[in-house]
Amino acid sequence: MTHSEPNRRASLLLIYTGGTIGMKQDPASQTLKPFDFSQILEEVPELRKFAYRIDSYTFNPLIDSSDVEPSLWQCLAKLIKEKYDQYDGFVILHGTDTMAYSASTLSFMLENLAKPVIFTGSQLPIGIPRTDGRENLVSAVEIAAAKDTNGDAVVPEVCIYFDNMLMRGNRASKVSSDNFTAFKSMNFPPLAEAGINIKYNTPLIIRPADRNAGLTVHTELDTRVSILKIHPGITPHVVKNILCGEETRAVILETYGCGNAPGKEWFINLVKQAADSGKILLNVTQCLSGTVNMNLYSTGKTLLDAGVISGYDSTTESALGKLFFLLGRTNDNLIVKDMLVKNFRGEISK
């Protein structure tokens with residue numbers, strides 16, 4: 001499906017949280033400094049050609065991508081809820097390092113979303129001649145404003161737009177620190193590709209279950225989650241500290257291949273100990289693409305029998321956000337275990 005004509009009545013809110021895209025070079029000191037986003041149309045005059053109403057909101061203080069905390073996601077969710085009826089779509093400018101974490105978690109926090117929430121950023125500041133930020137921003141804005149023939153948003157999802165690709169937010173991961181193709185969605189096709197026209201992969205786009213129900217925002221997050229990356233030479237001391245930590249409700253195991261881990265007796269005993277104590281253990285693969293299948297090899301089957309839950313083809317970022325979201329909804333870990341295998345926002349293929 002292709003939408004080449006912009007919607008000239010669209011109103012958008014541009015939210016700047018921080019990150020490289022909002023920097024420009026100071027002529028005197030030659031250092032990079034944030035520019036005033038209320039002047040965004042002066043910095044990116046291409047946006048004027050759309051004739052949209054574009055308002056901006058800048059976080060104060062700005063947040064470096066490496067310093068992103070769940071409190072930012074709660075602020076973003078509340079801001080979108082507050083402004084939801086005033087705008088047709090939202091574009092969030094964010095540092096690239098933690099963008100996939102933010103997009104993943106926000107996708108779970110925003111239930112029954114009927115408007116686009118598009119994350120974007122850049123590898124080079126928008127004030128640099130070779131910046132990728134200008135194209136990323138212009139295309140993200142056009143996508144956030146796009147409506148179908150019924151007047152509904154073309155992409156009512158939380159997404160990441162980067163280097164000509166629109167990806168579902170909870171399916172994308174950062175894969176490069178120095179290429180313009182900084183993000184990829186390895187286990188799910190892009191929702192749109194930008195060339196001469198923007199071509200939407202319409203059958204894959206999720207629509208709100210009930211347009212009349214309105215947006216529901218979930219801001220309660222429980223972050224008592226750890227990540228254990230399996231590696232050769234991992235020690236019982238490290239595994240025990242992470243799997244059996246007192247303040248941990250859930251652990252994401254980043255395993256080999258299709259969900260394999262060491263078959264040593266001490267490792268399996270620690271996994272059983274953690275599972276028997278009620279902790280949630282979620283298995284995701286370390287591979288960039290592929291899915292967890294714990295029935296394929298004996299080592300994976302041993303984890304399954306010990307009480308480990310399959311994360312299917314979920315990214316680590318998405319698994320973390322999903323756990324934060326589900327743990328925030330209930331104190332009952334058994335309920336969370338049942339809900340983990342369900343597909344809430346298109347985050348897993350089942």
Side-chain angles (χ1 to χ4, degrees), residues 64-71 97-98 100-102 104-105 173-175 177 221-328 330-341 348:
D64 185 278
S65 186
S66 301
D67 288 326
V68 163
E69 294 284 346
S71 57
D97 286 346
T98 51
Y101 289 97
S102 294
S104 292
T105 308
S173 294
K174 186 175 181 182
V175 296
S177 61
L221 301 173
D222 187 337
T223 61
R224 289 177 289 173
V225 182
S226 297
I227 299 174
L228 174 64
K229 183 164 187 170
I230 306 302
H231 60 83
I234 196 166
T235 66
H237 180 73
V238 168
V239 173
K240 183 175 183 179
N241 282 346
I242 295 176
L243 287 185
C244 304
E246 259 185 56
E247 293 301 315
T248 302
R249 282 184 69 187
V251 179
I252 297 168
L253 284 78
E254 279 197 351
T255 56
Y256 303 131
C258 59
N260 301 315
K264 295 176 182 176
E265 185 177 359
W266 67 261
F267 183 86
I268 300 303
N269 286 341
L270 285 173
V271 170
K272 288 179 179 177
Q273 181 183 332
D276 290 345
S277 71
K279 295 189 188 300
I280 300 160
L281 306 178
L282 183 64
N283 190 350
V284 301
T285 177
Q286 295 179 16
C287 300
L288 287 178
S289 65
T291 189
V292 166
N293 181 357
M294 289 186 284
N295 288 306
L296 200 57
Y297 295 102
S298 60
T299 52
K301 186 67 165 59
T302 303
L303 291 180
L304 185 64
D305 293 340
V308 177
I309 300 166
S310 176
Y312 300 97
D313 57 350
S314 174
T315 64
T316 298
E317 298 94 332
S318 180
L320 190 72
K322 188 174 184 177
L323 278 166
F324 285 175
F325 161 69
L326 292 176
L327 293 173
T330 177
N331 291 319
D332 190 331
N333 281 8
L334 289 175
I335 293 176
V336 174
K337 289 178 182 179
D338 288 338
M339 290 194 293
L340 265 179
V341 297
I348 54 176

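All residue numbers in this chain count up from 1 along the given sequence. All of these numbers come straight from a predicted model, not from anything done at the bench. Computed from heavy atoms alone, side chains included, the values below leave out hydrogens, waters and symmetry copies.
Contact between S66 and D97 at its shortest, heavy atoms only, is OG-OD2, 3.8 Å. Taking each heavy atom of A100 and S173 in turn, the nearest pair found is CB-CA, 4.1 Å. A pairwise comparison of heavy atoms in A250 and L327 identifies CB-CD1, 4.2 Å as the closest pair. Scanning all heavy atoms of the two residues, the minimum distance from C287 to G257 falls at SG-CA, 3.9 Å. Considering all non-hydrogen atoms of both residues, A319 and V284 come closest at CB-CG1, 4.0 Å. In this structure, T330 and R249 approach most closely via the heavy-atom pair O-NH2, 3.1 Å.
Among residues at least two apart or in separate chains, there is no salt bridge (charged side-chain N to carboxylate O under 4.0 Å, His left out) pair with a member in residues 283-294. The side-chain hydrogen bond (donor to acceptor under 3.5 Å, both in side chains) pairs that include a residue from residues 252-262 are E254-T316, T255-N283, N260-T299, where partners are two or more places apart or lie in different chains. Sorted by first and then second residue, the salt bridge (charged side-chain N to carboxylate O under 4.0 Å, His left out) pairs with a member in residues 224-240 read D222-R224; sequence neighbours excluded. Residue pairs meeting the salt bridge (charged side-chain N to carboxylate O under 4.0 Å, His left out) criterion with at least one member in residues 306-325, sequence neighbours excluded: R171-D313, K322-E347.
Taking OG1 of T285 as the reference point, atom CD1 of I230 lies at 11.5 Å (rounded to 0.5 Å). In this structure, CG in L228 is found 4.5 Å from CD1 in I234, a value given to the nearest 0.5 Å. K279 NZ to T248 OG1: the interatomic distance, rounded to the nearest 0.5 Å, is 5.5 Å. Between the CD1 atom of I242 and the OG atom of S226 there is a distance of 6.5 Å, given to the nearest 0.5 Å. How far OG1 of T223 is from CD of E247: 10.5 Å, rounded to the nearest 0.5 Å. For the atom pair CG (D338) and CD1 (I309), the distance works out to 8.0 Å, reported to the nearest 0.5 Å.
For the pair L323/L340, a side-chain contact is recorded, criterion being any heavy-atom separation below 4.5 Å from C-beta on. Using a 4.5 Å heavy-atom threshold, the side chains of T105 and L320 count as separate.
Proximity of a side-chain donor or acceptor of S65 to a complementary backbone N or O of T98 within less than 3.5 Å is detected.
Under the rule for a side chain to side chain contact (heavy atoms under 4.5 Å, CB included), the partners of D305 that lie at least two apart in sequence or sit in another chain are K301.
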Pairs under 3.5 angstrom only: tabulate donor-acceptor contacts from the side chains of residues 266-275 to other protein residues two or more places apart or in another chain.
from	atom 1	to	atom 2	distance (Å)
N269	ND2	E265	O	3.3

